[in-house]
Peer 1: 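Below is one structure. I have some questions about it.
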Amino acid sequence: MVQKALEEIKRGVAEIIDEERVVKLLKNYYENGENYYIKAGFDPTAPDLHLGHTVLIQKMALMQKYGARVQFVIGDFTGMIGDPTGKNETRKKLDRETVLENAKTYKQQVFKILDPDKTDIVFNSKWFTQMGSIGLVELTTTFNVARMLEREDFEKRFKSNTPISISEFLYPLLQGYDSVALKSDIELGGTDQKFNLLMGRHLQRAYNVGKEQAVITMPLLEGLDGVNKMSKSLGNYIGITESPDDMFGKIMSISDDLMWKYYEVLSNKDLEEIGELKRGVKDGLLHPKKAKEMLALEIVARYHDSNKAQNAKVEFDKVHAKKELPSDMDEFTLEAPIWIAKALNIIGLENSTSQARRDIKQGAVKIDGKKCQDEQLQLQKGEYILQVGKRKFAKVRVE
RNA sequence: GGUGAGAUACUCAAGCGGCCAACGAGGGCAGACUGUAAAUCUGCUGGUUUUUACCUUCGGAGGUUCGAAUCCUCCUCUCACCA
């Protein structure tokens, strides 16, 4: 039992630190029925979860089946500082209301995956506002600058003389302290979080919690561009609240290579099955597009339902493979006569009339399926279907 | 605190009195090709209905000049070296 659970848990993970402890926890669950706590922290600034987050969340959901209680930490306090990992931009201070609002959104999204009965949502401001400045200084005495500079991005920035704010040193300490306050048994995070996750271990020791958490890191999921990690600020993400059509289309647009990565960390299919698909594609028995469709169907069905997923697929084929019009389009009413470029701008298909002119020149604009050649064209009364590029459509009534 | 260097469009980065809406690279958008892809090739990438024109942009505010991203003054910010 333990062995099987461990195997499933290990799938797709980047690294497990202190695997022995994980085994112990599992054993204890099966033999004595005792639960254990797994923690993961989330930033309250961006309440929209995307598939990159779900890699982590799905893993937690899996572990809930094996005795884990999830501590879903909303970093409302730490969020004010901002994790220095990656880009460093000063964070806006979030007011209480926004944080609560975001937390609500989190709940809605997260419980599509996690079991609510086995999940605690906690805010880390709860213990940090009570800590006080003395407590904070005490926290800082547990670590030193040299060790702190071991963190890769700090080291890089230090060497290249890029400024590091003192408050950024605080971040790993605070995140680690969450594990002290919550007495977590395991903490999950992306591979870029490794340093912070290990800090939890260090602090649990320093504060004599009586245990040191194991750490499980998950690989970072690349975004749609296939290069950078999926993130909202880069715009290469697939949000779990997106419409079935958008979600389906976005998944279909990833490259074939990336598809397998997605399969590994996002699909519920077991590894053998995925291996078979992979072989099938390699041997030419299975079209890669088919394989990708299956993936897209599975994921869309998870966040919507299988009917909607199926519809999204049909719609997708209709628009892209058969080059027919989508069944749903935004509709607008404009006054006649109207200049085509202006019309495109008003209905939001183009950012400016200048951009519209350029696209018309390039033959990217279609009216009722026919290329528009004349950039001076005035639309007279009637109904038109305007299209820019392959994906942007709108129905326009001119009167 | 002292000295020096720098701030250019989404990002990086040229330009250093007129030929600058500003080289180039990345990104983005579009076209061809395809499986809607990826890769590749090509075009575009400040705005404005009148587009071999006009307007707004090169950290901010003034000034010199027929003319300034380019020169001068002050301010703000960043970096480096020294203390």
Side-chain angles (χ1 to χ4, degrees), chain A residues 86-90 156-165 222-238 244-263 277-278 280-282 284-297 300 312-326 334-346 348-367 369-380 386-393:
Chain A
K87 298 241 164 86
N88 60 315
E89 281 167 22
T90 325
K156 263 190 214 147
R157 282 161 68 188
F158 189 68
K159 279 190 179 152
S160 64
N161 291 311
T162 314
I164 303 170
S165 156
E222 287 93 344
L224 300 174
D225 52 26
V227 180
N228 297 304
K229 78 165 185 174
M230 187 177 281
S231 89
K232 203 175 179 192
S233 51
L234 291 172
N236 61 357
Y237 68 100
I238 305 174
D245 288 346
D246 285 344
M247 207 183 265
F248 194 92
K250 280 188 180 180
I251 295 168
M252 290 306 284
S253 80
I254 64 172
S255 75
D256 292 354
D257 288 339
L258 191 57
M259 163 170 75
W260 301 116
K261 181 87 184 271
Y262 275 45
Y263 253 120
L277 289 176
K278 212 167 179 175
V281 168
K282 202 179 155 203
L285 299 171
L286 179 69
H287 197 293
K289 192 187 169 197
K290 274 270 171 285
K292 215 182 289 176
E293 270 173 10
M294 285 160 65
L295 177 69
L297 282 171
V300 175
K313 178 189 171 327
V314 170
E315 184 72 11
F316 186 85
D317 284 341
K318 189 171 155 191
V319 177
H320 295 288
K322 295 182 198 153
K323 305 226 180 273
E324 286 173 17
L325 296 169
L334 300 166
E335 269 178 51
I338 185 156
W339 179 35
I340 176 71
K342 192 85 196 163
L344 289 168
N345 178 226
I346 289 172
L349 256 42
E350 294 281 18
N351 290 324
S352 67
T353 54
S354 298
Q355 183 62 44
R357 296 171 84 107
R358 283 185 219 113
D359 279 341
I360 292 167
K361 262 184 218 158
Q362 292 192 95
V365 174
K366 284 182 190 162
I367 301 172
K370 273 177 282 183
K371 258 184 202 168
C372 171
Q373 311 276 1
D374 178 14
E375 61 178 72
Q376 292 299 334
L377 183 77
Q378 299 287 334
L379 289 178
Q380 302 303 330
L386 304 182
Q387 180 184 357
V388 179
K390 283 175 195 143
R391 293 186 189 175
K392 288 183 281 187
F393 296 89

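The model shown is predicted, which means the values in this text are computed figures rather than measured ones. Lettering of chains follows the sequences in order, A, B, ..., and the numbering in each one begins at 1.
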Peer 1: Among B:rC29, B:rG35, B:rG47, which nucleotide has an atom closest to any side-chain atom of A:Asp256?
Peer 2: B:rG35
Peer 1: For A:Ala341 and A:Arg357, work out which heavy atoms get closest and say how close.
Peer 2: CB-CG, 4.4 Å
Peer 1: Now, which nucleotide makes the Watson-Crick or G-U wobble pair with B:rG59, with each of the two distances under 3.5 Å?
Peer 2: B:rC75
Peer 1: What nucleotide, of B:rC33, B:rU49, B:rU48, holds the atom closest to the side chain of A:Lys390?
Peer 2: B:rC33
Peer 1: What is the distance, to the nearest angstrom, from the CD atom on A:Glu375 to the C1' atom on B:rU50?
Peer 2: 10 Å
Peer 1: Using atom P in both nucleotides, what's the gap between B:rG46 and B:rA22 to the nearest angstrom?
Peer 2: 9 Å
Peer 1: Base, sugar-phosphate, or nothing for A:Thr353, non-hydrogen atoms under 4.0 angstrom?
Peer 2: sugar-phosphate
Peer 1: Distance check, C1' atoms only: B:rC33 and B:rC41, in whole angstrom units.
Peer 2: 9 Å
Peer 1: Regarding A:Gln376, tell me which of base, sugar-phosphate or nothing describes its non-hydrogen contacts under 4.0 Å with the strands shown.
Peer 2: base
Peer 1: Say we look at B:rC20 and B:rA53: how far apart would their P atoms be, to the nearest angstrom?
Peer 2: 13 Å
Peer 1: Within this structure, what is the CD1-to-C1' distance between A:Ile346 and B:rU49, rounded to whole angstrom?
Peer 2: 12 Å
Peer 1: Tell me the interatomic distance from A:Asp317, atom CG, to B:rA37, atom C1', rounded to whole angstroms.
Peer 2: 14 Å
Peer 1: Heavy atoms from C-beta onward define the side chain here; which of B:rG35, B:rU49, B:rG47 lies closest to that of A:Ser352?
Peer 2: B:rG47
Peer 1: Can you check the distance between B:rG59 and B:rG15, where both ends of the measurement are the P atom (answer in whole Å)?
Peer 2: 15 Å
Peer 1: Choosing from B:rC29, B:rG35, B:rA38, which nucleotide comes nearest the side chain of A:Ser255?
Peer 2: B:rA38
Peer 1: Between B:rU51 and A:Arg357, counting only base atoms on the nucleotide and side-chain atoms on the residue, is there a donor-acceptor pair under 3.5 Å?
Peer 2: yes
Peer 1: Quick one: are A:Leu334 and A:Lys342 in side-chain contact, heavy atoms under 4.5 Å?
Peer 2: no
Peer 1: Can the positive tip of A:Lys250 be found less than 6.0 Å from the middle of the six-membered ring of A:Tyr237, inside 45° of the ring normal?
Peer 2: yes
Peer 1: Take atom NZ of A:Lys289 and atom P of B:rA38, then tell me their distance rounded to the nearest Å.
Peer 2: 14 Å
Peer 1: Under 4.5 Å between any side-chain heavy atoms of A:Ser253 and A:Arg391, yes or no?
Peer 2: yes
Peer 1: Report the base-pairing partner of B:rC20 (Watson-Crick or G-U wobble, both distances below 3.5 angstrom), or none.
Peer 2: none
Peer 1: Checking all strands, does A:Glu315 fall into the base, sugar-phosphate, or nothing category for heavy-atom contacts under 4.0 angstrom?
Peer 2: nothing
Peer 1: Rounding to the closest angstrom, what is the interatomic distance between B:rC54 and B:rA61 at atom C1'?
Peer 2: 27 Å
Peer 1: Rounded off to whole Å, could you give me the CH2-to-P distance for the A:Trp339 and B:rU50 pair?
Peer 2: 8 Å
Peer 1: So, A:Lys392 side chain and A:Leu349 main chain: donor-acceptor pair closer than 3.5 Å or not?
Peer 2: yes
Peer 1: Taking a pair as Watson-Crick or G-U wobble with both distances under 3.5 Å, which nucleotide is matched to B:rU11?
Peer 2: B:rA25
Peer 1: Who does B:rA80 pair with, Watson-Crick or G-U, both distances under 3.5 Å?
Peer 2: B:rU3
Peer 1: Map A:Ile338 and A:Glu293 onto RNA chain B by nearest heavy atom, then report which one ends up closer to the 5' terminus.
Peer 2: A:Glu293
Peer 1: Using OP1 and OP2 only, check whether a side-chain N or O of A:Arg358 sits under 4.0 Å from B:rG47.
Peer 2: yes
Peer 1: On the nucleotide B:rA37, are OP1 or OP2 found under 4.0 Å from the side-chain N or O atoms that A:Ser253 carries?
Peer 2: no
Peer 1: Does a side-chain heavy-atom distance below 4.5 Å link A:Leu386 with A:Ile340?
Peer 2: yes
Peer 1: Below 3.5 Å, does any donor atom in the side chain of A:Gln362 face an acceptor in the base of B:rG31, or the other way round?
Peer 2: no
Peer 1: Please give the distance between the P atoms of B:rC44 and B:rG24 as a whole number of Å.
Peer 2: 10 Å
Peer 1: Give the rounded distance in Å between these two atoms: CD of A:Gln355 and C1' of B:rA9.
Peer 2: 15 Å
Peer 1: A:Leu258 near the nucleic acid: base, sugar-phosphate alone, or nothing, with a heavy-atom cut-off under 4.0 Å?
Peer 2: nothing
Peer 1: For B:rG26 and B:rA13, measure between their C1' atoms and round to the nearest Å.
Peer 2: 11 Å
Peer 1: Could you tell me whether A:Lys361 contacts a base, only the sugar-phosphate backbone, or nothing, with contacts defined as non-hydrogen atoms closer than 4.0 Å?
Peer 2: nothing
Peer 1: Nearest whole angstrom, please: distance from the P of B:rU49 to the CG of A:Leu344.
Peer 2: 13 Å
Peer 1: Taking the side chain as every heavy atom from C-beta outward, state whether A:Leu258 and A:Lys261 have any pair of such atoms under 4.5 Å apart.
Peer 2: yes
Peer 1: Rounded to whole angstrom, note down the C1' distance from B:rA69 over to B:rU8.
Peer 2: 7 Å
Peer 1: Closest heavy-atom contact between A:Glu315 and A:Asp245?
Peer 2: CG-OD2, 3.9 Å
Peer 1: Just the rounded figure in Å: distance from P of B:rU48 to CD of A:Glu350.
Peer 2: 11 Å
Peer 1: Would you mind telling me which residue lines up with the more 5' stretch of RNA chain B, A:Arg391 or A:Asp359, judged by nearest nucleotide?
Peer 2: A:Asp359
